[in-house]
Student: 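Below is a structure I'd like to ask you about.
By convention here, the first residue in the shown sequence is residue 1. Side-chain atoms are counted along with the backbone in the values below, which use heavy atoms only and exclude waters and symmetry mates.
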Amino acid sequence: MSYRGHFAEMTGDEAAALIDDGAFVGFSAFTPAGAVKATPRALAARAEAEHAAGRPFALRVLAGASSGPDIDERLARAGAIRWRAPYQSSPALRDAINGQRCEFMDLHLSHVGQMLEFGFLGELDFAVVEAVDVTPDGRVYLSASSGVTPSLLKHADRIVVEINERHSRRLSEMHDVALLPNPPHRSPIPIHHPLDKIGTPFAVCDPARIVGVVRTNEPDGVPAAREADTVSAAIGGHIAEFLAGELRAGRVPPEFLPLQAGVGNVANAVLAALASHASIPPFWMYTEVLQDSQIELMRSGKLLGASTSALTLSESNVDEVYGDMDFFAPRMVIRPTELSNNPGVVRRLGVISVNTVLEADIYGCANSTHICGTRLMNGIGGSGDFVRNSYLSILVAPSVAKGGAVSSIVPMCSHVDHNEHSVQVLVTEQGLADLRGLGPMERAARIIDRCAHPSYRDYLHRYTRESRLGHLRHDLRRVFELHQNYLETGRMLPEQ
């Protein structure tokens, strides 16, 4: 069965005309993967026309995480987003958020489905979702991501489905869609291996709520991964050596444990280092985003298979996967974030997580989201889901930024997303600090000596010596001195 002849076909402009100012709209997207395209582009154009005519037009926007450029970037440039959750990575939207022109709700990704279920976010007026097919009885076969899309389809009053013919119809072989029952009636989630499936290959909705189908044939537009720089490669090498040592010590089992890695260059470098290390066996992943580097690792046999919420792949890798689905489909599972990021599953599988932060303090607290405590970068995303619940939580950052003007190791984080009770290992290109079993002052010494850039070590050691005695040593008059210096002079430390 197919949608043709059962639902009204329309253009993106016609779909956008159905959505009123102030509407709460959920878009499918988890990174650019599976992001709708035609309808948000038309909404941005409509917003510009309405504003030119002196009329208001802005939306409350929800997506699985960040999105493609046709959602956050275009809509933000058009002044068409007044509220956004739970994560973003758009320069234009970031500027609107930090300029207080858009309210942003920063959420753990595993919480979004439940918050929508119980109405904490309000009534969802529209869902605009990308799929490879939809059937007359309301089965929606999703494209390259799942994210929070199954929940959007469940709760939206009206639904627009964008059928993107660029994607393989065989993606249904990867999807595993299941929504959790409401508490107190939740049973343990029966995922005991990264590739276990517990749901269906499609999401479902009331077909009476589908107001139209928009046909597209467009790539997701994910940029190709960059080559690892020397800093990222050094971080990856430290982690590979550390995990090899954990294997030798018996603290990681001989068959290894599933890995989770965040988005970006450092995550790719870490995976490359693990793949090339002779002592690291082939491994599985239980993660939220699958990137280009994992395709090569899967081909080589080093990555045995992966559970994810999105195929965030550049066009060449999309073509490779879609061109050989007999190989890739049995090795990949795409899940909603309620499952891909579920704390109970992460803990049961013993996931080893690797996530990037902006800064960490000398006692092990970490900041993933805000520059100098005020300006949002992207959001917490799924990092908190994994940091708090992983068997081993590893946080990474370059030791310095902006040519050495900024240190990622500071006396106290200007904003805390992950506290010292959750962070087990900190890594920069300078070295690795294993914090397990250490008290506060032991942690401080290890972080400063192994992770801080040499130009900042004397300052940080002097700060701990001179600060007020207590379980933690802090001088509340100086605790943000480095941040204040940066705001006033552009450098955390004066020129030497």
Side-chain angles (χ1 to χ4, degrees), residues 12-13 15-16 19 21 23-52 56-107 109 112 126-130 143-145 147-149 152 160 162 164 166 214 216 218-226 262-265 289 291 310-315 318 369-371 375-381:
D13 288 335
I19 300 173
D21 172 49
F24 185 16
V25 183
F27 293 109
S28 72
F30 198 95
T31 71
V36 286
K37 300 163 180 69
T39 305
R41 274 201 303 267
L43 282 166
R46 183 179 170 198
E48 289 167 347
E50 292 292 299
H51 297 162
F57 190 89
L59 307 171
R60 301 179 72 245
V61 172
L62 182 72
S66 58
S67 70
D70 291 316
I71 301 176
D72 284 341
E73 188 68 13
R74 284 181 184 256
L75 287 174
R77 286 205 308 261
I81 304 179
R82 67 174 53 152
W83 181 95
R84 177 71 163 92
Y87 182 84
Q88 61 78 45
S89 60
S90 155
L93 182 55
R94 183 183 305 125
D95 184 64
I97 292 166
N98 288 322
Q100 294 289 307
R101 299 187 302 278
C102 172
E103 192 69 35
F104 179 70
M105 188 175 184
D106 197 9
L107 293 172
L109 297 186
V112 179
F126 265 90
V128 186
V129 305
E130 186 177 85
S143 65
S145 69
V148 75
T149 304
L152 300 179
V160 173
E162 289 196 4
N164 189 347
R166 172 66 179 87
V214 178
T216 66
E218 300 182 40
D220 287 332
V222 177
R226 294 179 290 123
V263 179
N265 198 39
V289 174
Q291 301 182 95
L311 303 182
T312 306
L313 305 175
S314 63
E315 282 309 290
V318 167
T369 58
H370 287 78
I371 297 169
R375 295 190 63 81
L376 179 78
M377 188 64 183
N378 296 333
I380 194 169

Student: Can you tell me how far CZ of R94 sits from SG of C102, rounded to the nearest 0.5 angstrom?
Tutor: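 If I round to the nearest 0.5 Å, the distance is 13.0 Å.
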Student: What are the two closest heavy atoms between V222 and L313, and how far apart are they?
Tutor: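 Smallest interatomic distance, heavy atoms only, reads CB-O, 3.2 Å.
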Student: For residues Y87 and L109, report the shortest heavy-atom separation together with the two atoms involved.
Tutor: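 Heavy atoms only, the tightest pair is CB-CD2, 4.3 Å.
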Student: Take a 6.0 Å sphere around CZ of R375 and say whether it holds more than 12 heavy atoms from other residues, nucleotides or ligands.
Tutor: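 No, CZ of R375 has 12 or fewer neighbouring heavy atoms, counting only those of other groups under 6.0 Å.
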Student: Between R84 and D106, is the closest basic N to carboxylate O distance under 4.0 Å?
Tutor: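 No salt bridge links D106 with R84.
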Student: Could you tell me whether E103 atom CD has more than 12 heavy atoms of other residues or ligands within 6.0 Å of it?
Tutor: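 No, because the 6.0 Å sphere around CD of E103 holds 12 heavy atoms or fewer from other groups.
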Student: Let me see the working for R77 and D95 under salt bridge (charged side-chain N to carboxylate O under 4.0 Å, His left out), right down to the final yes or no.
Tutor: CA-CA 10 Å; R77 286 205 308 261; D95 184 64; over 6 Å; no
Student: About how many Å separate CG of L59 and CG of D21, when rounded to the nearest 0.5 Å?
Tutor: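 Interatomic distance, D21 CG to L59 CG, rounded to 0.5 Å: 7.5 Å.
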Student: Measure the spacing between CG of L75 and CD of E48 and express it to the nearest 0.5 Å.
Tutor: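 That separation rounds to 9.5 Å.
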Student: R166 and E315: salt bridge (charged side-chain N to carboxylate O under 4.0 Å, His left out), yes or no, with the steps?
Tutor: CA-CA 11 Å; R166 172 66 179 87; E315 282 309 290; 2.7 Å; yes
Student: Check G79 against A58 and note the closest heavy-atom contact, atom names and distance.
Tutor: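 Heavy atoms of G79 and A58 come nearest at O-CB, 3.9 Å.
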Student: Give a yes or no answer on whether the side chain of H370 reaches the backbone of M377 with a donor-acceptor pair at less than 3.5 Å.
Tutor: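 Such a contact is absent between H370 side chain and M377 backbone.
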Student: Quick one: ring-ring contact (aromatic ring centres under 6.0 Å, His included) partners of F104, sequence neighbours excluded?
Tutor: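 Checked F104 against ring-ring contact (aromatic ring centres under 6.0 Å, His included); zero matches.
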Student: Nearest 0.5 angstrom please: E50 CD to F57 CZ, how far?
Tutor: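 Going from CD on E50 over to CZ on F57, the span is 7.0 Å.
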Student: So, taking the atom named OG in S66 and the one named CG in N378, what distance separates them when rounded to the nearest 0.5 Å?
Tutor: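 Those atoms lie 7.5 Å apart.
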Student: What heavy-atom pair brings V112 and L62 nearest, and what distance separates the two atoms?
Tutor: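 Scanning both residues, the minimum pair turns out to be CG1-CD1, 4.0 Å.
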Student: Within this structure, what is the CG-CZ distance for the pair L43 and F126, rounded to the nearest 0.5 Å?
Tutor: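 L43 CG to F126 CZ: 9.5 Å, rounded to 0.5 Å.
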Student: Please tell me whether T312 and T31 have a donor and an acceptor in their side chains that are separated by less than 3.5 angstrom.
Tutor: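 A donor-acceptor contact under 3.5 Å links the two side chains.
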Student: Quick one: are S143 and N164 in side-chain contact, heavy atoms under 4.5 Å?
Tutor: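 No; the side chains remain at least 4.5 Å from each other.
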Student: Scan residues 32-47 for pairs that pass side chain to side chain donor-acceptor pair (under 3.5 Å), counting only residues two or more places apart or in two chains.
Tutor: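 Passing the test, one end in residues 32-47: K37-E130, K37-D220, T39-E162, R41-D70, R41-E218.
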Student: Tell me the closest heavy-atom pair linking A85 and L107, and the distance in Å.
Tutor: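 Distance-wise, the nearest heavy atoms are CB-CD1, 4.4 Å.
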Student: Should F27 and P40 count as side-chain neighbours, where that means a heavy-atom distance under 4.5 Å?
Tutor: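 F27 vs P40: side chains touch.
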Student: If I compare all heavy atoms of A144 with all of G34, which pair ends up nearest, and what's the gap?
Tutor: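 Closest approach of A144 to G34, heavy atoms only: CB-N, 3.9 Å.
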